[in-house]
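This report refers to the structure that appears directly beneath it.
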Amino acid sequence: MKKITIAIIVIIAFAFCAGFAYVSFRSNFPARTGNDVPDKENGKMVSMLNNEIEKEIYRHTQSPMYPGYIPEAGQNTVNYLKTIKSVESYARYGVTSTRPRNYLELKITFNDGSQASEIYTGRPCSAYIETCLLIKAEMKDGKAVKVYTNGQERKGSPDRIKPDLSLLIDKAIAYDIGKHHDQYFAPEKTQKDFDKEWEDQK
């Protein structure tokens with residue numbers, strides 16, 4: 001009888017602790033809600049995103065603010081964008097999470113069926129501030145043909161979301177630059193190059 005009583009007390013204590021922990025820290029758990037699904041089509045954002053694509057191509061190839069690109073970088077950017085079927089942003093722990101390091105990340109699906117995910121954007125997403133705007137763009141020939149969101153863009157003016165559109169394309173392009181550096185910049189110098197420079201130094 002004594003053992004049964006102790007067991008019941010232990011079970012009740014455990015249940016109480018678990019319930020307390022959940023209530024206290026539930027905002028930090030990776031909760032997923034309807035706001036985590038970009039399933040609301042917004043046709044007006046197609047031309048807005050395509051404008052940002054043109055700007056990002058320019059910024060990554062010709063802009064004096066981003067020196068160092070090789071002459072072929074512009075066309076290589078266009079060629080890369082044509083391989084993308086869709087690009088989608090999501091919050092690492094969900095848009096309602098208040099956990100630290102809850103950044104927006106990208107998932108890119110390519111025309112051949114392969115995917116790249118967990119692409120870091122550096123954009124924080126915290127429910128303490130506001131619900132993050134999530135975007136999914138379906139692409140064809142390097143241009144957006146359909147855009148879906150989680151509906152958060154309607155809570156402000158169209159101008160307010162231009163940085164979100166720019167970020168989406170900028171980080172998608174940066175992913176390819178990271179994988180194929182020599183298609184955008186001159187090859188990095190090797191020790192042999194440095195040795196030659198010292199030989200030629202007068």
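For clarity, every value in this text was computed on a predicted model and none was experimentally measured. By convention here, the first residue in the shown sequence is residue 1. In what follows, every heavy atom counts, from backbone to side chain, and hydrogens, waters and symmetry copies are set aside.
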Transitively linked via ILVMFWY side-chain contacts under 4.5 Å: Tyr103 with Leu167?
no

Pi-cation contact, Tyr93 with Arg99 (under 6.0 Å, within 45°)
yes

Between Glu199 and Lys196 (salt bridge meaning N to carboxylate O under 4.0 Å), is one present in this structure?
no

When rounded to the nearest 0.5 angstrom, what is the spacing between CG in Asp182 and CD1 in Ile70?
7.5 Å

Is there a donor-acceptor pair under 3.5 Å between the side chain of Asn35 and the backbone N or O of Cys132?
no

Leu134 vs Gln152 side-chain heavy atoms within contact, under 4.5 Å:
no

When you measure from the side chain of His60 to the backbone of Glu56, do you find a donor-acceptor pair of N or O atoms at a distance under 3.5 Å?
yes

I'd like to know if the side chain of Thr109 pairs up with that of Gln115 as donor and acceptor (distance under 3.5 Å, no hydrogens or angles considered).
yes

Candidate pair Lys136 and Asp39, rule salt bridge (charged side-chain N to carboxylate O under 4.0 Å, His left out), full reasoning:
CA-CA 8 Å; Lys136 179 178 180 180; Asp39 58 357; over 6 Å; no

Is there a side-chain contact between Glu197 and Lys189, using heavy atoms and a 4.5 Å cut-off?
yes

Please check: side-chain N/O of Tyr90 versus main-chain N/O of Glu118, any donor-acceptor pairing under 3.5 Å?
yes

Would you say the side-chain atoms of Arg92 pair up with the backbone N or O of Arg101, donor to acceptor, closer than 3.5 Å?
yes

Would you say the side-chain atoms of Asn102 pair up with the backbone N or O of Cys125, donor to acceptor, closer than 3.5 Å?
yes

For the residue pair Ser114 and Asp112, confirm or rule out a side-chain donor-acceptor distance under 3.5 Å.
yes

Do the side chain of Asp170 and the main chain of Ser166 share a donor and acceptor less than 3.5 angstrom apart?
no

Dump the intermediate steps for side-chain hydrogen bond (donor to acceptor under 3.5 Å, both in side chains) on His180 and Asn76, then the final yes or no.
CA-CA 10 Å; His180 305 105; Asn76 288 337; over 6 Å; no

Quiz question: by atom type and distance under 3.5 Å, do the side chains of Asn50 and Glu54 form a donor-acceptor pair?
no

So does Val95 get a backbone contact from the side chain of Asp36, meaning a donor-acceptor N/O pair under 3.5 Å?
yes

Can you tell me if Ser89 uses its side chain to pair, donor with acceptor, with the backbone of Ile135 under 3.5 Å?
yes

Rounded to the nearest 0.5 Å, the CD1 atom of Ile84 sits from the CD atom of Glu138 at a distance of 13.5 Å

Ala172 backbone acceptor or donor facing Tyr80 side chain under 3.5 Å
yes

